[in-house]
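Working notes, structure below.
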Amino acid sequence: MQTESVRHWRTAKLNDELLDVKPEICPERARLVTLSYMETEGEPMVIRRAKAIYKILTEMTIFIQRDQLIAGTQAGKLRAAPIFPETEALYVEKEIDLFEKRQQDRLIVRPEVKRELLEEILPYWKRNNTQVLCWNAMPEKTRKMAQLEHQIFSVDIHVTGSIGHVIADYDKVLKKGFLELKEEIKDKIEKLDLTNPDLTPKYKFYEAELIICDAIMAWAARYAKEARRLAAVEEDAGWKKELEMIADLCEKVPANPARNFREAIQSFWFTHLVLYIEQNGLAVSVGRFDQFIYPYFKKSIDDGSITGPEAQELLECLWIKFTEVMRAYDYECAKYYAGFSISENLVLGGTDTRGRDATNELSFMCLEAEKNTKLSQPNLAVRVHSNTPEDFLMKAVQVASTGRSKPEFFNDSVAIPVLMNCGVPLEEARDYSISGCVEAVPPHCNGMTNAAMSNVAKALELALNNGVCKLTGHQVGPQTGDPRNFKSIDDVIDAFRIQVKAYVKEMVSALNVIERVHADYYPLPYFSLIIDDCVERGLDITAGGARHNYTGPQAVGFADVVNSMAAMKKLVFDEKKISMAEIIDALDSNFEGKQELRQTLINKAPKWGNDDDYADDLACEVTRIYCNEVSQYRNTRGGIFRPGIYSVSANVPLGLHVAALPNGRLSTAPLADGIGAQHGTDLAGPTGVVKSAAKLDHKIITNGTILNQKFTPKLLENDIGKRGLFDLIRTYFDMGGWHIQFNVVSAETLKAAQKNPEKYKGLIIRVAGYSAFFVELDKAVQDDIISRTEAASF
Amino acid sequence: MELNMEQKGLVFNIQRFSIHDGPGIRTVVFLKGCPLKCIWCSNPESQSFSPEMFFSPVKCIGCGKCEESVDACPTDARVRAGKEMTVSEVMREIEKDIKFYRRSDGGVTFSGGEPLMQWEFVKELAKLLKAKGIHTAVETTGFAPWEVFYGAVEDIDLILYDLKAYDPEIHQRYTGADNVLILENARKITESKKVIFRIPVIPGFNDSLSSMEGLAEFIHSCKPDAEVNIIPYHGLGGSKYERLGKNYELMNVLPPSNESLNKIKEIFTSKGLNTEIY
């Protein structure tokens, strides 16, 4: 079953060409959407959106990269970032000169591009963008909380960006093609009873869908024509033949059903890429690629129309295309989602809808494609269940051991019951995928799974300062009493709970306003066309058309809160070695002159991540507090809020907003990452970390957790180390853990990469939930990764 | 089964998720005290039979707390190397990773120091682990009277048998001990127990090809298809000497090259021995 391939020359060439690109901003999309909006003023919003997409797809520059077998690029140049003025206008204008200079995700802005954006495009969007619209629509108290100088939560991702975090029904497009989808919509329109007032708005929704079908088919036809044109003048016989093949493919799909593997891959890519042209939300994920592509693969292999090595080569072309997708984040978001991370999560393995193992030959070939490319995308996930074939999991571990920190591993026996508790039927729950980083979603879902990053460490700071922010002196949380008078750890926990309750309420209020703004001003007719049941209901995805709807805000600073509580419980209330007053005084002065006290807090109290119930019981309590608060709320789309505990790279910027804490962490230092141990405190080694993590009730953390374990390459270079990793994953999942990923790299390598980025362009690092190029990260994020404890017990 | 749960041993480390000391995921119990004094020893704190102290000057903030008690040091600049633990205390640590042993066919390894020096303690723990169905291994140099050795390992599943040199003169010079008893016990134990031989390769000390040839010949004569692990020298223990206030003679020795390791491996494999480089 296992196929081992030699890295194809084409893979090497395309991979290098992609890495050589210095990313720049492409103004084409912004220009076309602006012109379209000017032309369509006065028309219903959903029609304006559809017509804008039509204009972009029929007028944007298209090109075919030599030797790339798959057609379709997001912008006018390879790996250039399009601009989405609908949400980005304000920050693009404000940060136009910063893009080239910033520490993180640098983008070139050519002078003519800058001029066009500033003079011709952005002025149109000055008041007509989601950033303005969201803040205007928010109650004043909520807006103030969301815009605090030292934030307790950040909802910016959907203020400056679209919704993202969805997985389209690619299977439907592959099976039917857009011609048939168009016919189905025509049929819907015909059957609409327009005297029924509930149905009136649906007419324009369906009309928009027809425009969308035409747009994507016209776009593909342009590629067919371009490939023919190039083929006619091409002198190299091999590339000429391939261009003709590309032309043939683009003439057929995605208009018609895919008939074989090549058509399925091309159809998939067109379908996927338009999701990133319609809008700029991140983590539009791929889902169960090895499942929905497999029938086409099998057919082509069986009828001999493609050989195994040819299929492998094509997969690798696709793997490289995933990293072409770009977004020009604002600087703040670039820090939160470092490394141009777009998080296109692609899932392998797992069970089928009847609970049987679904691993197939294509699953292995996808791992092989990952091995042979070394890029940040796709964000690769492996679903593990009790009958996962050993050779498949072992191959996944081998790939994870090569220093790219993917695939990540997910536990079916947690996701399926979690989704069922969220109201998903068993068969759909078994068909779950990962949206973005670690969030389990059923098919046909608008998960909003990365709705916000919230700062539980800041909530503890407030609980220890009567609701006053120590960095500004402003009262930003409820008055929970003078901490010097706290008599037991329960007093601390109660104050913390009240602070969490207060900020979660404001965060939910902010998110619900943001969701409404998207529904009113930024409907997504293309998303709605290929995510059920939007077409069936005649309702846009932003307004609740999807079958399943969630909103998922994350807690960040988990270990800092737990370790702070453990230190106070142990040293103040149990052993009475230190008084609350002494701790509070030390925090007020950021431990200035209190080295002995700080060291005692660091070294003489139990720590999360060491399989010590003393700290771990507190961790379970903190989990319950956050999850219960979040889970009680409902969103605007008829769905629920789902709490997550992970940080991606937000633990660094959110740390800047938090004063000193009783775990000995200094003011503004980075917070701990995901549910992992605080840096340098996981002294019991990986089994200790994993056992602590497994004690959390992962079934109430319904939006997921990230457990990021770093290993040195030395440990994993031989089979013993890989086997150890394999058994570590298996045991963590036996015990009920949800997610684990491995960062396999030495600190020396990372330091060298900081000094000589040009020598390490291809060095991939997992920044919490996803992969990025290390050399493209902010220096503070790089430093943070370097200082993370290495598993030193080997 | 009669067990003495209060039996005490001098332990200097209990290391979880150890994957290079026997099969699967293991917990290694390091016992303090060794009759040998190998000059390359990577665990210098394992040699003495009494508790010692590590001191890291860079961590010291000069608070003077250590004058009351070492354990009061807030920065862990001073930490004890070695503490007395009872059988039940050690068992509590071991049982933490029982799920990992089951999943990985792992278990517990006694190392040191020389575990045989605390044979009563090892014997009690081994009996208890056997009753719980947990796989056990002991890493030993076999330098004990046969009766003591055999008695201690009666309930042990796997012997990781360290052989440092075949030439008695080299052995004496670098380990401070005679190897006659070691070789004799090695031969005997292979008759009744599963044994993996472990050969440290210390460049410039025991790594001459003729010396390795001698070891390979000896092992082959004990068991023609025995398993052999080649353990390359590493300098990771160097900083520990400094913190113990001891002198490390191998400060400038580099780990052996892959080329030299492969040559050594070839010597063993050519004798039919099942050899791995660790």
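Keep in mind the model is a prediction, meaning the values are calculated, not measured. In what follows, chains carry the letters A, B, and so on, assigned in the order in which the sequence lines appear, proteins first and then strands, with residues in each chain numbered from 1. Just the heavy atoms: all of them, side chains too, but no hydrogens, waters or symmetry mates, feed the values below.
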Measure A:D734 against the heavy atoms of chain B and call it side chain, backbone, both or neither at under 4.5 Å. side chain
Give, as side chain, backbone, both or neither, the part of B:D71 having an atom under 4.5 angstrom from any heavy atom of chain A. backbone
Assess the side chains of A:S692 and A:D616: does a donor N or O sit below 3.5 Å from an acceptor N or O? yes
Positive for side-chain hydrogen bond (donor to acceptor under 3.5 Å, both in side chains) with B:R198, one of B:D162, B:T140, B:D21: B:D21
Spacing of A:Q678 atom CD and A:N563 atom CG [to the nearest 0.5 Å]: 4.5 Å
How are the rings of A:H739 and A:F410 set relative to one another: parallel (under 30°), tilted (30 to 60°) or perpendicular (over 60°)? tilted
If you count heavy-atom pairs under 4.5 Å between each of B:P74, B:A72, B:C63 and chain A, which one has the most? B:P74
Please evaluate residues B:F17 and A:V690 with respect to the criterion side-chain contact (heavy atoms from CB on, under 4.5 Å), reporting the C-alpha separation (whole Å), side-chain torsions for both, the decisive distance (0.1 Å), and the verdict. CA-CA 11 Å; B:F17 197 66; A:V690 152; over 6 Å; no
Is it true that the side chains of B:S88 and B:T86 contain a donor and an acceptor less than 3.5 Å apart? yes
Does any backbone or side-chain atom of B:K59 lie under 4.5 Å from a heavy atom of chain A? Answer side chain, backbone, both or neither. neither
Using a heavy-atom cutoff of under 4.5 Å, enumerate the residues of residues 564-596 of chain A that contact chain B, numbered in order, or state 'none'. A:Q595, A:E596
Contact origin within A:I602 toward chain B - heavy atom pairs under 4.5 Å: neither
One option among A:N603, A:T687, A:D727 has the most heavy-atom pairs under 4.5 Å with chain B, and it is A:T687
So which part of A:R730 gets closer than 4.5 Å to some heavy atom of chain B, the side chain, the backbone, both or neither? both
With a 4.5 angstrom heavy-atom cut-off, is it the side chain or the backbone of A:L728 that approaches chain B, or both, or neither? both
Taking the six-membered ring of B:F100 (Phe, Tyr or Trp), confirm whether the NZ or CZ of B:R16 is under 6.0 Å from its centre and within 45° of its axis. no
For B:T75, which residues count as a side-chain hydrogen bond (donor to acceptor under 3.5 Å, both in side chains) partner, sequence neighbours excluded? none
Contacts of type side-chain contact (heavy atoms from CB on, under 4.5 Å), residue A:S386, not counting sequence neighbours: none
Considering residues at least two apart in sequence or located in another chain, which fulfil the side-chain hydrogen bond (donor to acceptor under 3.5 Å, both in side chains) criterion with B:D76? A:K604
